[in-house]
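What follows is a set of notes on a single structure, which appears directly below.
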Amino acid sequence: LIVVYEHRKRLLTPILVHAQINFLFSAVLFGLFIMNYHVPAQSWDEAATRPEWLHEQPPVYIQKMESGQAQRRYAIEQWGSQGLRLWKTEINAFHAVLTWFPEDSQACSQAKLGIVTIYLRHLNDYRRAVVEADDLLMNFSADRETRASAWVDKAYAYYNLAEHEKARECTDVVLSDYDDCEYAQYAIEQLLQLIEAVQKKPE
């Protein structure tokens with residue numbers, strides 16, 4: 001901006017350049033907001049249905065990798081927290097793992113957990129997070145760490161829905177059945193503190 005001012009010798013010029021820079025950054029952020037916009041399910045019946053943006057078959061912009069784990073990493077690195085941060089697209093990319101590599105149980109269960117986490121942490125769709133976590137726990141042969149994380153996410157989803165008794169039921173499962181999973185134990189201890197703090201507040 002100093003160079004622009006020195007070149008034109010008018011204060012208005014760097015002001016306009018600065019405004020254009022702000023507009024460009026705002027346009028990028030607005031574009032991300034629109035692409036990530038999602039209305040959470042308002043009922044459990046709605047949560048059990050597929051969102052209109054979730055394709056039954058992988059969209060053409062999802063590339064097929066050579067293995068289930070490579071496909072899962074592609075979803076994260078291209079579209080997710082290590083990529084463009086397009087959460088709905090990342091869910092479609094995780095679904096590609098389930099569609100193209102159903103025989104890779106580890107990759108599928110971890111991709112399913114990724115879907116649960118996105119609904120919980122990024123799209124704030126807590127009912128769908130619970131539904132997807134239940135699907136993972138009932139229908140996928142996940143390792144203990146993945147199952148423990150699914151229970152943790154389910155507990156946090158119930159907490160965000162203010163269903164504290166159901167959240168406590170999930171925490172009890174983690175504390176009793178997954179005492180060897182350090183991350184899950186730590187996350188549940190933090191959640192229990194949040195629940196206790198809410199319940200101690202006066203009405």
Side-chain angles (χ1 to χ4, degrees), residues 1-43 46-47 49-65 69-100 110-133 149 152-162 183 186-187 190-191 193-194 197-198 201:
L1 296 178
I2 292 172
V3 171
V4 170
Y5 174 76
E6 290 295 336
H7 178 68
R8 298 298 298 270
K9 298 298 184 182
R10 295 177 60 194
L11 185 58
L12 181 61
T13 305
I15 291 175
L16 292 175
V17 171
H18 187 263
Q20 288 178 331
I21 293 171
N22 287 347
F23 174 78
L24 290 174
F25 277 106
S26 298
V28 171
L29 292 176
F30 183 72
L32 283 174
F33 172 78
I34 292 297
M35 295 184 76
N36 285 324
Y37 181 73
H38 169 70
V39 178
Q42 300 302 305
S43 68
E46 184 182 350
T49 62
R50 182 191 299 268
E52 61 180 15
W53 48 261
L54 180 55
H55 303 276
E56 189 168 348
Q57 292 297 320
V60 295
Y61 55 79
I62 303 296
Q63 297 179 27
K64 187 173 183 179
M65 302 290 111
Q69 284 296 349
Q71 194 72 46
R72 186 180 70 86
R73 291 303 311 170
Y74 162 81
I76 297 169
E77 293 169 0
Q78 179 69 32
W79 308 108
S81 57
Q82 298 175 24
L84 297 175
R85 302 178 73 83
L86 298 178
W87 310 119
K88 295 191 296 186
T89 306
E90 187 182 16
I91 287 181
N92 273 293
F94 278 138
H95 266 279
V97 179
L98 311 180
T99 301
W100 286 332
Q110 290 175 342
K112 193 71 170 177
L113 180 62
I115 294 170
V116 175
T117 302
I118 294 169
Y119 277 130
L120 173 64
R121 299 182 185 175
H122 301 298
L123 299 182
N124 300 325
D125 195 340
Y126 306 121
R127 288 182 177 85
R128 280 197 172 92
V130 170
V131 169
E132 294 289 348
S149 295
V152 169
D153 282 355
K154 185 177 175 181
Y156 272 89
Y158 275 130
Y159 169 78
N160 284 301
L161 290 167
Y183 162 75
Y186 174 78
Q190 300 301 308
L191 177 58
Q193 292 178 14
L194 292 174
V198 169
K201 287 183 179 179

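None of these values were measured; they are calculated from a predicted model. Position 1 is the first residue of the sequence, and the numbers go up from there.
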Which residues satisfy the salt bridge (charged side-chain N to carboxylate O under 4.0 Å, His left out) test with R72, sequence neighbours excluded? none
State which residues pass side chain to side chain contact (heavy atoms under 4.5 Å, CB included) with Q193; sequence neighbours excluded, sorted by chain then number. Q190
Partners meeting side-chain hydrogen bond (donor to acceptor under 3.5 Å, both in side chains) with N160 (sequence neighbours left out): none
Going by the rule side-chain hydrogen bond (donor to acceptor under 3.5 Å, both in side chains), which residues pair with E77 if we only count those two or more places apart in sequence or in a different chain? R73
Exercise: identify the closest heavy-atom pair between P58 and T99: CD-CG2, 3.9 Å
For A155, which residues count as a side chain to side chain contact (heavy atoms under 4.5 Å, CB included) partner, sequence neighbours excluded? C170, T171, I188, L191
Rounded to the nearest 0.5 Å, how far does CZ of R128 lie from CD1 of I115? 12.5 Å
So which atom in V152 and which in A187 form the shortest heavy-atom distance, rounded to 0.1 Å? CG1-CB, 3.7 Å
Can you name the residues that form a salt bridge (charged side-chain N to carboxylate O under 4.0 Å, His left out) with E90, not counting sequence neighbours? none
Here the side chain to side chain donor-acceptor pair (under 3.5 Å) pairs for residues 1-18, sequence neighbours left out, are E6-K9, H18-N22
What one should report as the nearest heavy-atom pair of S81 and W87 is N-CZ3, 3.7 Å
Could you note down all residue pairs passing side chain to side chain donor-acceptor pair (under 3.5 Å) where residues 52-61 supplies at least one of them, sequence neighbours left out? H38-W53
Partner set under side chain to side chain contact (heavy atoms under 4.5 Å, CB included) for L54, not counting sequence neighbours: R50, P51, I91, N92, H95, Y119
State whether the side chain of Q71 and the backbone N or O of Q63 hold a donor-acceptor pair below 3.5 Å, judged by distance alone. yes
Does K154 have any salt bridge (charged side-chain N to carboxylate O under 4.0 Å, His left out) partners at least two apart in sequence or in another chain, and if so, which? D134
Just wondering, more than 12 heavy atoms not from I2 lying within 6.0 Å of its CD1? no
I'd like to check the side-chain hydrogen bond (donor to acceptor under 3.5 Å, both in side chains) partners of Y159; sequence neighbours left out, ordered by chain and number. none
Test of understanding: with ring-ring contact (aromatic ring centres under 6.0 Å, His included), list the residues that count as partners of W100, not counting sequence neighbours. none
Test log, rule side chain to side chain contact (heavy atoms under 4.5 Å, CB included), inputs K112 and L98: CA-CA 8 Å; K112 193 71 170 177; L98 311 180; 4.3 Å; yes
Kindly indicate, with the supporting measurements, whether the criterion side chain to side chain contact (heavy atoms under 4.5 Å, CB included) is fulfilled by W79 and Y74. CA-CA 8 Å; W79 308 108; Y74 162 81; 3.3 Å; yes
